[in-house]
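The structure under discussion appears below in the form of structure tokens.
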Amino acid sequence: MFAIDWPVLPHWIVLSNRVVSVPLSQKLMLTTGGCPKTALSIKDALEALEGRWKLLILFALSTGNKRFNQLAKEVTGITDKTLSKELKSLEANKLIQRTVHATFPPTVDYSITAHGMSLENVMEALHYWGLAHRQEIIGK
């Protein structure tokens, strides 16, 4: 049903615009087990990205700055209250930046930060995993 062309994933990751080499032992976490520090870093990442909306908001902001109502339209299904809460959380984690412009009435826009853009490889990996998962669940 779906043709998946898996990319060859490099043995490095990008952290805050820095390329970091990852030893093979760390790339096989699920088959070799991990150390407590690995679990802590995964917990930190999940807390920063928890919920169903944060990655979709970051994806919407990846094409450029957006105002609140633009985000509400692009992230279909999210309520205004939830969007507001998620934007505050993303800003607290330095994944987005909120800019208030000195206009009357004041206008506010949101943009993705360099730290937020460092999730690009994670989102790409989730995209390919999602395609494979859909194929596994729906049928081969």
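Note that these values count all heavy atoms, side chains included, but never hydrogens, waters or copies made by symmetry. Nothing here was measured: the structure is a model prediction, and the numbers come from that model.
Here CG of Leu61 is found 8.0 Å from CG of Leu90. Values are rounded to the nearest 0.5 Å. Interatomic distance, Trp129 CH2 to Arg134 CZ, rounded to the nearest 0.5 Å: 11.5 Å. Of the inter-residue distances, the one linking Lys66 atom NZ with Ser111 atom OG reads 10.5 Å to the nearest 0.5 angstrom. The distance from atom CG of Asp109 to atom OG1 of Thr99, rounded to the nearest 0.5 Å, is 5.0 Å. One finds the CG atom of Leu87 at 5.0 Å from the CD1 atom of Ile57 (value rounded to the nearest 0.5 Å). The distance from the CD1 atom of Ile96 to the OG1 atom of Thr113 is 8.5 Å, given to the nearest 0.5 Å.
Here the side chains of Leu119 and Ile112 are not in contact, with every heavy-atom distance at 4.5 Å or above. The closest side-chain heavy-atom distance from Gln135 to Leu131 is not below 4.5 Å. With contacts defined as side-chain heavy-atom distances shorter than 4.5 Å, the pair Val108/Phe68 does not qualify.
Evaluation of the salt bridge (charged side-chain N to carboxylate O under 4.0 Å, His left out) test over residues 39-50, restricted to residues two or more places apart or in two chains, returns Lys43-Glu47. Sequence neighbours left out, the pairs with a member in residues 85-97 that pass side-chain hydrogen bond (donor to acceptor under 3.5 Å, both in side chains) are Lys54-Glu86.
With hydrogens and angles ignored, the 3.5 Å screen pairs no side-chain donor or acceptor of Ser84 with any backbone N or O of Lys81.
Residues passing the side-chain hydrogen bond (donor to acceptor under 3.5 Å, both in side chains) test with Thr103, sequence neighbours excluded: Thr107.
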Can you give the donor-acceptor pairs under 3.5 Å from side chains of residues 71-79 to other protein atoms, not counting sequence neighbours?
{"unit_1": "Thr79", "atom_1": "OG1", "unit_2": "Thr82", "atom_2": "N", "d": "3.2"}
{"unit_1": "Thr79", "atom_1": "OG1", "unit_2": "Thr82", "atom_2": "OG1", "d": "2.9"}

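Shown here for Leu95 and His115, the closest heavy-atom pair between the two residues is CD2-CD2, 3.4 Å.
Hydrophobic clustering (ILVMFWY, side-chain heavy atoms < 4.5 Å, transitive): Leu49 and Leu40 are in distinct clusters.
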